[in-house]
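Each remark here refers to the structure printed beneath this line.
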Amino acid sequence: MARNYKKEAAYEDSPAQVKRREARNRARRKALKAGTVHKGDSKELDHVGYHRTGSLDRVPTRVVSEHANVVRQPPHKRKRKH
(Lines give C-alpha, C1' and ligand atoms only; values in the text may rest on other atoms or scores of the structure.)
Protein backbone atom coordinates (compact mmCIF):
# COMPACT_ATOMS: atom_id res chain seq x y z
CA MET A 1 0.00 0.00 0.00
CA ALA A 2 1.44 3.34 -1.04
CA ARG A 3 1.70 6.17 1.47
CA ASN A 4 -0.62 9.13 1.11
CA TYR A 5 1.70 12.02 1.94
CA LYS A 6 -1.02 14.62 1.45
CA LYS A 7 -3.22 12.90 4.05
CA GLU A 8 -0.28 12.54 6.46
CA ALA A 9 0.57 16.24 6.13
CA ALA A 10 -3.06 17.21 6.76
CA TYR A 11 -3.06 15.09 9.95
CA GLU A 12 0.23 16.58 11.19
CA ASP A 13 -1.12 20.11 10.56
CA SER A 14 -4.38 19.49 12.42
CA PRO A 15 -4.80 21.75 15.49
CA ALA A 16 -4.84 18.82 17.92
CA GLN A 17 -1.56 17.41 16.58
CA VAL A 18 0.08 20.84 16.52
CA LYS A 19 -0.77 21.27 20.23
CA ARG A 20 0.67 17.84 21.06
CA ARG A 21 3.90 18.61 19.14
CA GLU A 22 4.19 21.93 20.98
CA ALA A 23 3.75 20.10 24.31
CA ARG A 24 6.49 17.59 23.38
CA ASN A 25 8.82 20.46 22.43
CA ARG A 26 8.06 22.30 25.69
CA ALA A 27 8.85 19.16 27.69
CA ARG A 28 12.16 18.72 25.85
CA ARG A 29 13.15 22.36 26.47
CA LYS A 30 12.26 22.00 30.15
CA ALA A 31 14.48 18.90 30.40
CA LEU A 32 17.31 20.76 28.63
CA LYS A 33 17.09 23.56 31.20
CA ALA A 34 17.04 21.04 34.05
CA GLY A 35 20.11 19.32 32.59
CA THR A 36 18.54 15.86 32.34
CA VAL A 37 19.08 15.74 28.55
CA HIS A 38 21.64 17.36 26.31
CA LYS A 39 21.74 18.32 22.65
CA GLY A 40 22.89 15.41 20.51
CA ASP A 41 22.83 12.82 23.30
CA SER A 42 20.44 10.56 21.30
CA LYS A 43 18.04 10.44 24.23
CA GLU A 44 14.31 11.07 24.09
CA LEU A 45 11.72 12.11 26.62
CA ASP A 46 9.22 9.36 27.25
CA HIS A 47 5.80 10.50 28.42
CA VAL A 48 5.06 7.89 31.07
CA GLY A 49 1.84 5.95 30.56
CA TYR A 50 -0.36 5.40 27.53
CA HIS A 51 -1.22 8.86 26.18
CA ARG A 52 -2.30 8.52 22.55
CA THR A 53 -4.77 11.43 22.66
CA GLY A 54 -5.30 14.59 24.66
CA SER A 55 -2.91 16.97 26.36
CA LEU A 56 0.65 16.03 27.32
CA ASP A 57 1.18 19.09 29.53
CA ARG A 58 0.80 17.43 32.92
CA VAL A 59 2.16 14.01 32.00
CA PRO A 60 5.32 12.90 33.83
CA THR A 61 8.36 12.22 31.64
CA ARG A 62 11.53 10.17 31.86
CA VAL A 63 14.69 10.10 29.78
CA VAL A 64 15.13 6.96 27.64
CA SER A 65 17.20 5.93 24.63
CA GLU A 66 15.74 6.30 21.13
CA HIS A 67 15.55 2.52 20.83
CA ALA A 68 13.67 2.08 24.12
CA ASN A 69 11.09 4.68 23.08
CA VAL A 70 10.53 3.14 19.63
CA VAL A 71 10.19 -0.39 21.01
CA ARG A 72 7.53 0.78 23.45
CA GLN A 73 5.29 2.22 20.68
CA PRO A 74 2.26 0.21 19.54
CA PRO A 75 2.83 -1.91 16.43
CA HIS A 76 1.99 -0.41 13.05
CA LYS A 77 -0.45 -2.07 10.67
CA ARG A 78 1.91 -1.72 7.72
CA LYS A 79 4.78 -4.14 7.37
CA ARG A 80 8.34 -2.87 7.34
CA LYS A 81 10.71 -3.62 4.50
CA HIS A 82 13.86 -5.41 5.63
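Note that this is a predicted model, so its numbers are computed, not measured. Positions are given from 1, in the same order as the sequence printed here.
- The minimum heavy-atom distance linking Lys43 with Val63 is given by the pair CB-CG1, 3.7 Å.
- Closest approach of Ala68 and Val64 over heavy atoms only: CB-CB, 4.2 Å.
- Expressed to the nearest 0.5 Å, how far CG of Leu45 lies from CZ of Arg62 amounts to 11.0 Å.
- Applying the side-chain contact (heavy atoms from CB on, under 4.5 Å) criterion to Glu66, with sequence neighbours excluded, gives Ser42, Glu44.
- Rounded to the nearest 0.5 Å, atoms CG (Asp57) and CZ (Arg24) are 12.0 Å apart.
- To the nearest 0.5 angstrom, Thr36 atom OG1 is 10.0 Å from Lys30 atom NZ.
- Residues Arg26 and Leu56 have side chains not in contact (no heavy-atom distance under 4.5 Å, counting atoms from C-beta outward).
- The shortest heavy-atom contact between Val18 and Asp13 is CG2-O, 3.8 Å.
- Distance check: Glu22 CD to Asn25 CG gives 8.0 Å after rounding to the nearest 0.5 Å.
- Between Arg20 and Gly54, the closest heavy-atom pair is NH1-O, 2.6 Å.
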